[in-house]
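Heads up: the structure comes next, in structure tokens.
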Amino acid sequence: MLDPKLIRDTPDLVRAAIAKKHLDVDLDAVLAIDAAWRALLQEVEGLRGKQKAANTAMAALPKGSPEFVAKVAEMKAVSAQVKEREAALNETEAKFKQAMLTLPNLPHPSVPEGRTPEDNVVFSTHGDVNAVSAAAKPHWEIPGFDKLFDFARGSKVTGAGFPFYVGDGARIVRALLQFFLDEDGKAGYTEVNPPILVNAASATATGQLPDKEGQMYETTPDHLYAVPTAEVPLTNFFRDEIIDEAALPVKRCAYTPCFRREAGSYGKDVRGLNRLHQFDKVELLKWVHPSTSYTELDLLRDDAERILRKLSLPYRVLLMCGGDLGFVQSKKYDLEVWSGGQKRWLEVSSCSCFETFQSRRAQIRYRPKDGGKPELVHTLNGSGLAVPRVLAALLENNLQPDGRVKIPAALVPYFGKEHLTFA
RNA sequence: GGAGAGGUGGCAGAGUGGUCUAUCGCACCGCACUCGAAAUGCGGAGUGUCGCAAGGCACCGUGGGUUCGAAUCCCACCCUCUCCGCCA
């Protein structure tokens, strides 16, 4: 959610910023509701002031006195008026809040112009793409793949996009997760094991609701949502709380399975491990002082990159353009790993700054050192990292002529042996 | 799931229809005393929102209701604790 003062005071700046995201938003309609709300507020407050004054006067009068009775009659009319005007106020306020939720976060000035994914800027490239054998094949074509990553049985038991991981398949997932968590711990992130079902208030605070309602699995009869990312429970940890400025930045990481319905993306990049309804991911999260957020974003991105470097996987970093930025982000980098078998880049991490967009919805603030009024923190997050696509690249890039997959040195202590075998 | 108790400011804890503008205490900040500190004394201090400002209004778990007037009475829901049941 944006600062209401910002849209009131500088509507043209807000309009221009939204235009950079290429979203169609009727800001004037929002401003009109805001004006109506403020007019009603003044009216109701005046009436309530009258009531309070009468209340004080009546407290000093004898209960049955003629003056008292006359006051009661007089205030009955005011009371009815308050009820009527208050109902209008509440209705307008609800409309205003609803309208505010439809406004996207504003992009940072450093975000490049652009409309589509093709307009994203390649920020940096690491490792040698050509070092991967030209004969590499897509991971789903590797002999024995179906034994370790059993999609057929997953479909039978649950549905498409819910594979079983078996033997070395299960083991490599566990090794990657533990490696990720250990690396994130070394980088100063405190490990958290959060709930993976969240309520509607939490999903609203991080921006999944109401914008992406259909993308989450919802449970009945309790109406809880299966988390699409650990970002949701992690960010909400501090919902409605005030943090000491001295504690900033707060850095946390969490592993959770992630559940995504991926409605509308059927048939697109869905082969093998590329896009699943359930997958494993470690998420990095920071709550920071507003003056440091973009420095912290660079550091967070580097924390995610370091893991890819340790796994010796070629990757590149994209700086997302305005049109591909997303609703809630003010700036975003995507990390893409080179998939030597598919001959394409796979997104394995998305590192974003939200400024106060989430913290305003979630009411997460810090108490300034000088004892002043609480201020909203900035929130940042990024994957560190998502397992299936890292795994896809690993399988493809490291497949040897003998049919085994060479495990990167950094991962060997976790995996327990130097090769993964499909036999 | 059943029965009972309870949710009030950072913490603790009064308040059962009208100066509640929410008592007292602890912790906190400032000042005084002190070489400095402790102790003591005096003063300050919640959150949100509207307003250029003066100031106003709201907030006692959440949402409704009764009333001229609700922290207080009524209804529903949420959460916490105790006991019972079930259970990894």
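What you see below is based on every heavy atom in this structure, not just the backbone, and it leaves out hydrogens, waters and symmetry mates. So you know, we letter chains A, B, ... as the sequences are listed, proteins then strands, and number each from 1.
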Distance test, side-chain N/O of [X] to OP1/OP2 of [N], below 4.0 Å:
X	N	value
A:S79	B:G69	yes
A:R367	B:C28	no
A:R8	B:C50	yes
A:K52	B:A58	yes

Quiz item: When you match A:P374 and A:A73 each to their closest nucleotide on RNA chain B, which lands nearer the 5' end?
Solution: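 Its nucleotide being nearer the 5' end, the pick is A:P374.
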Exercise. Could you check A:W37 against A:M75 and say which one's nearest nucleotide on RNA chain B is further toward the 5' end?
Key: A:W37
Can you tell me which nucleotide in [options] comes closest to the side chain of [X]?
X	options	result
A:Q42	B:G18, B:G51, B:U47	B:G51
A:R365	B:U49, B:U47, B:U66	B:U47
A:K76	B:C50, B:U67, B:C68	B:C68
A:N55	B:U49, B:G69, B:C68	B:G69

Exercise: do [X] and [Y] side chains pair donor with acceptor under 3.5 Å:
X	Y	answer
A:N199	A:S202	yes
A:Y294	A:E355	yes
A:Q208	A:Q215	no

Could you tell me how far apart [X] ([atom1]) and [N] ([atom2]) are, to the nearest whole angstrom?
X	N	atom1	atom2	result
A:L376	B:U47	CG	P	14 Å
A:I243	B:G10	CD1	C1'	15 Å
A:E91	B:G64	CD	P	13 Å
A:L61	B:G69	CG	C1'	13 Å
A:E93	B:A58	CD	P	14 Å
A:L89	B:C50	CG	P	12 Å
A:R38	B:G56	CZ	P	21 Å
A:D240	B:C79	CG	P	16 Å

May I ask which nucleotide in the shown strands pairs with [N], Watson-Crick or G-U wobble, both distances under 3.5 Å?
N	result
B:G10	B:C26
B:A5	B:U80
B:U40	B:A32
B:U49	B:G56
B:C68	B:G18
B:G63	B:C75

Spacing of the [atom1] atoms in [M] and [N] (rounded, Å):
N	M	atom1	result
B:C73	B:G15	P	12 Å
B:U66	B:C11	C1'	35 Å
B:A76	B:A12	P	29 Å
B:G61	B:G7	C1'	6 Å
B:G48	B:C33	P	36 Å
B:U16	B:A70	C1'	11 Å
B:A58	B:C20	P	16 Å
B:C83	B:C26	C1'	33 Å

Quiz item: Base, sugar-phosphate, or nothing: which does A:K5 touch, judged by heavy atoms less than 4.0 Å apart?
Solution: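 Sugar-phosphate: the residue A:K5, judged by heavy atoms under 4.0 Å, touches backbone atoms but no base.
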Practice problem: Report which part of the nucleic acid A:K71 touches: base, sugar-phosphate, or nothing (heavy-atom distance under 4.0 Å, all strands). | Solution: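 Touches nothing.
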Quiz item: Hey, are A:K97 and A:E93 close enough for a salt bridge, meaning a charged N less than 4.0 Å from a carboxylate O?
Solution: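 Salt bridge flag = yes for A:E93 with A:K97.
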Practice problem: Write down the atom of A:H419, the atom of A:D168, and the distance for their closest heavy-atom approach. | Solution: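 Taking A:H419 first and A:D168 second, the nearest heavy atoms are O-OD2, 4.3 Å.
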Exercise. May I ask you to test the A:L285-A:T235 pair for a side-chain heavy-atom distance under 4.5 Å?
Key: yes
Quiz item: Heavy atoms, side chains only, cut-off 4.5 Å: are A:D302 and A:R309 in contact?
Solution: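 Side-chain contact under 4.5 Å: yes.
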Exercise. Ignoring hydrogens and angles, answer whether the base of B:G56 and the side-chain atoms of A:E45 contain a donor-acceptor pair closer than 3.5 Å.
Key: yes
Practice problem: Nearest 0.5 Å please: distance from the CD atom of A:E296 over to the CG atom of A:L380. | Solution: 7.0 Å
